[in-house]
Each structure stands twice: as C-alpha cells, then as structure tokens.
Amino acid sequence: MSVKPDIRIQAKDFDINAEIGKLTKGRTDIGAVVTFTGLCRGEGDTLSALELEHYPGMAEAEITRIAKQAVTRFGLLGISAIHRYGKIKPGENIVLVIATSPHRQASFDGANFLMDFLKTRAPFWKKNHRADGEDGGWVDANDADDDALSKWGK
Amino acid sequence: MSVKPDIRIQAKDFDINAEIGKLTKGRTDIGAVVTFTGLCRGEGDTLSALELEHYPGMAEAEITRIAKQAVTRFGLLGISAIHRYGKIKPGENIVLVIATSPHRQASFDGANFLMDFLKTRAPFWKKNHRADGEDGGWVDANDADDDALSKWGK
Amino acid sequence: MTIKLVYFAWLRERFGMGEEQVELPESVKSISDLFDWLETRGEEFANVMEHRKIIQVAIDQEHVQDSSTLIGDAKEIAIFPPMTGG
Amino acid sequence: MTIKLVYFAWLRERFGMGEEQVELPESVKSISDLFDWLETRGEEFANVMEHRKIIQVAIDQEHVQDSSTLIGDAKEIAIFPPMTGG
C-alpha cells in the first residue's frame, strides 16, 4: 500500500487529536505516532505577531516532495503536515507534522527530517510585528537550520 | 523556574490535546512541542490484547527520574508522560510522552530520550493475549531497545 | 518571450508588487541573465540585485540551485529571500 | 530480618504470588545471597533462579545493577524479568 502524504497550507488552526485520528483510525499496524508542533514565541513580550507569507502551490508541492522522501527513507506508514499562513500571535500554532510507523525511531526520524527540510526548503517567510509598533522586519534565515540538515547526510 | 515532570500511571486512556494544553496554556516561551504515542499493534490480527503489569510507586518514580535527566540534558521547558496498565487492545494507546522547549531539536531529543529509557528502565511488563486463545506468553525484552540507549552515550 | 515573475517577502515589498508579466529580451537565457536584466530596470531592482548571492529562485515552482540554469520555456519564475518557514 | 519480597510478570506467575513477607537468615547479606537462599525454597524457586543472570532487582524501588549489593536495612526487594514497557 503506497503512503500518500497529507499536506495542507491553511490560515486556520489545526486539531492535533483529529489529525492523529486521520492517520490511525481503524488500523492496528501502527505502533508509534510522533507529532511536532511549532508555536509562535513571544520573544519576551517584544513580539505582537508573526506574519507568514507563502508561495501557494509550490509550498504544498515542496512539502509533499520532502514528505515522500521521509516515507521511503524511514518506512513510514503515514505522514501529514499542516502549515499555517497569515498573522499568528505568540502562543499560537504555526506548523504541525505527524509521522506514524510500526516502531518508534522511524516516527521520530520521519517527523524530525520533515521539519529540518521544511525549515529551509518550504517557501514560507516570516515577518515580525513588534509589540511597540516599530517595524520588526523579516526574519533572517537561521544558520542553525542549515546545519540541522547535515545530520541527514547527502 | 524549575521544571517538574508530570508523570502518571493509569488504566484509562489519555487525551493528547488536553495533555499538550497542560504544558503550553498561557505561555509564550514554547516554540516546539513533540509528542510520542505508543500504540498496541495487532501483529497481523494474531493478538487480541496486551496486558500491562507494572510496579506501582517505582514506575512513577523511575520515569520521573529519567524525565528529570531529560529536562536538564536538553533544556526542556516541560515534560509529561502517561503510561497505561491493564488490558489494551490493538489500535489503543499504551504510552504518551510530551516534551516542550524553545527550539525543535530539544523537544525531539527529550521525548526520544525518555522513550528509550522508559522502554528498558521503567518497571512494566507486557503479556500477549492471542486471538486464537492460546497462551501468548510474556513479551521478551528487545535487544534493539537496549541498543537504542547507546545513542545517548554514558 | 512573455513570462510571469513572482516576488516574495522583502523583495515583494521593495518592488511594490507580488508579480508581473514581463517581456524578456532574447538575450536572457539563464537565471544569471535574468538577474543582469532585472538590475537594469531601475534603482530598486539594482539595489535588490546586490543581494543576488542569497536570493533564491524557483522555475515553475521547483527550486533551482545554479544560476546558470536555463529558463527554457518556463511559465513562472519566482525570486525570493532564504525561506524561514516552520 | 523480616523483609517484603515482590515478584512481577512470569516470576509472579511461577511463584503463584505477587509478594510475601519473609524472614531472611542472618547469612543473607547481598542480592547474590538472597538468590542462593531463594533457590533452596523449592523446585519452582530453583527453576526460576536458573535465570538469575537476566533477573533484575530493585531495592526499595531503586534499580540495583550489581548482585554483590548489600541488602542492608531494606524494607522491600523486588525481583522481575527484563522490563518491556513503552
């Protein structure tokens, strides 16, 4: 049975229980589910919101490509990702990744791999809205995110 | 602020959304939440249930000890674990681990570390109930679980 | 050749538009040629193209690593800063 | 010395009980001594103690790695097979 990644880009929030249920309901072959949720941090109350811009079409396509690699590489039974766009306040969800597999390490690796590549390869850009009303500017790419890719080899 | 692991051993199922909420509600310093859920597999419909036995008192104490190590080692902002006991059917939840942190790798590592140690150090034992009514016996310890510990060093 | 150019994040803000249809001169064959041509389109374009080393490109929604890549019969070329999703 | 012994999983099943209060002889100082003494308590105990290399021990709910560990004034000693949680 081929595994089809379920990838969505949306403005609205997501329900983690419901998303896990979509991958696990009625199945008895899944032994491990790992979820990753990325949230907007307040940066010590200096941030009022992040604004997320994306490239419609390419965002879905690129995350799907990476998700398919994760399925093959780690032998996942299912993978889904939801990435929000628009204005997101501190404490709110930005991104959800779920990986399922028979045994635990594959699910951990699958979700971790997808997040590392999503951070640097998915066409999203974050703008800071500062609490004091000043222009917070666009978030710079993070060298640590590029470095994180190195653990997955070539 | 010191982080107090929230560790529970219970017969009843858990609600992942609710458990995440307990760690994240009202906070804006958390950027990453990783959950691990372990489920009972049906082993190709040969299994009718797992029966989980535990050592009351020590189970909570041991998981708490490991969870505290995870907090210190990875700089977690929160960690919780719920491990069920009693009869659990294929497709049902066995264990939940949640780790929160400012950045993603700490949450992945924290949850992964706690699971690896929980598998081999927490006083739980699984007995197989076979679908055909034969005695399924006690689940043998898994060498792969011992090996998994090696990635965390001494 | 008519092609759609798409801009994101601070490139979009600097150019004052998210996309445009442009008529590319015959001489524009590669991404590098495209950057050279954009540079000639006014001060804002020239300023942004000073950052060409970090600017990323997608041809018909697929990442392109090498600026010598030929545009061919692409319908849409997106240029944008390094991505910061997740 | 009176002490509580606690058994789990197939040890519990083989012994036919989850716990018992026992009066340990003066000569039983270490975990290894305890295993030697248990062996003398009948066929089922002797059979189980053949697996002593894999049998694990907790003294007052803390894991003990080394069978030379002294029992001291422990109140509760648990013996059990390798754990299979998670």
Side-chain angles (χ1 to χ4, degrees), chain B residues 7 9 36-41 50-67 81-86 88 93-97 111-128 135-146 148-149, chain D residues 2-22 24 30-31 34-35 38 43-67 69-86:
Chain B
I7 310 299
I9 317 294
F36 174 86
T37 312
L39 295 92
C40 176
R41 279 177 289 117
L50 282 176
E51 185 151 6
L52 276 122
E53 178 171 331
H54 76 296
Y55 188 175
M58 182 173 169
E60 291 87 341
E62 191 63 22
I63 300 176
T64 301
R65 272 192 282 269
I66 306 164
I82 300 176
H83 202 307
R84 297 179 67 195
Y85 63 86
I88 294 177
N93 294 325
I94 298 173
V95 61
L96 173 68
V97 164
N112 198 347
F113 175 93
L114 182 53
M115 277 308 303
D116 279 350
F117 281 82
L118 190 154
K119 280 262 171 188
T120 55
R121 300 268 310 175
F124 286 85
W125 300 272
K126 290 193 188 103
K127 187 174 191 169
N128 292 315
D135 182 2
W138 292 88
V139 173
D140 279 329
N142 187 342
D143 288 341
D145 287 330
D146 289 327
L149 295 183
Chain D
T2 303
I3 198 165
K4 185 180 177 183
L5 297 181
V6 191
Y7 311 120
F8 291 102
W10 55 263
L11 275 74
R12 175 181 55 71
E13 288 182 337
R14 295 272 206 102
F15 295 159
M17 59 187 158
E19 59 179 72
E20 58 175 331
Q21 293 286 340
V22 297
L24 288 186
S30 67
I31 293 301
L34 175 68
F35 283 2
L38 282 170
E43 195 180 353
E44 241 355 303
F45 284 93
N47 286 345
V48 165
M49 281 306 129
E50 283 176 14
H51 302 280
R52 66 161 78 190
K53 276 193 176 158
I54 64 153
I55 288 175
Q56 304 200 12
V57 178
I59 299 183
D60 289 335
Q61 308 202 341
E62 294 231 21
H63 285 291
V64 171
Q65 302 292 352
D66 186 341
S67 65
T69 304
L70 298 178
I71 292 169
D73 56 357
K75 291 187 173 58
E76 179 175 306
I77 298 180
I79 71 175
F80 43 79
M83 294 155 284
T84 55

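Note that these values count all heavy atoms, side chains included, but never hydrogens, waters or copies made by symmetry. Chain naming here is simple, since letters A, B, ... match the order of the sequence lines and numbering starts at 1 in each.
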**OP:** Against chain D, label B/Ala61 side chain, backbone, both or neither, depending on which of its atoms sit under 4.5 Å from a heavy atom there.
**Re:** neither

Subject >> Heavy atoms from other residues, nucleotides or ligands near CD of D/Gln21 exceed 12 (cutoff 6.0 Å) >> reply: yes

Original post:
Of the non-hydrogen atoms in B/Arg121 and D/Met83, which two are nearest, and what is the gap between them?
Top reply: O-SD, 3.4 Å

**OP:** Locate the shortest heavy-atom distance separating D/Gln61 from B/Arg65; write the atom from each residue and the value.
**Re:** O-NH2, 3.3 Å

Subject >> Minimum heavy-atom distance D/Thr84-B/Val139, with the two atoms named >> reply: CG2-O, 3.4 Å

Original post:
Closest heavy-atom contact between B/Tyr55 and D/Ala58?
Top reply: CE1-CB, 4.4 Å

Original post:
Taking every heavy-atom pair that is under 4.5 Å apart, which of B/Ala81, B/Ala59, B/Ala122 has the most such pairs with chain D?
Top reply: B/Ala122

Original post:
Under a 4.5 Å heavy-atom cut-off, does chain D meet the side chain of B/Lys119, its backbone, both or neither?
Top reply: both

**OP:** Measure the spacing between CZ of D/Phe8 and CZ of B/Phe124 and express it to the nearest 0.5 Å.
**Re:** 10.5 Å

Original post:
Within the distance-only criterion (no hydrogens, no angle test), does the side chain of B/Lys126 pair as donor or acceptor with the backbone N or O of D/Gly86 below 3.5 angstrom?
Top reply: yes

**OP:** Give, as side chain, backbone, both or neither, the part of B/Asn142 having an atom under 4.5 angstrom from any heavy atom of chain D.
**Re:** neither

Original post:
Non-hydrogen atoms of chain B under 4.5 Å away: do they reach the side chain of D/Glu76, the backbone, both or neither?
Top reply: side chain

**OP:** Answer yes or no: does atom CG of D/Asp73 have more than 12 heavy-atom neighbours from other residues, nucleotides or ligands under 6.0 Å?
**Re:** no

Original post:
chain B: which of D/Ala78, D/Gly18, D/Pro81, D/Pro82 shares the most heavy-atom pairs with it under 4.5 Å?
Top reply: D/Pro81

Subject >> Under 4.5 Å from a heavy atom of chain B, the part of D/Glu13 involved >> reply: side chain

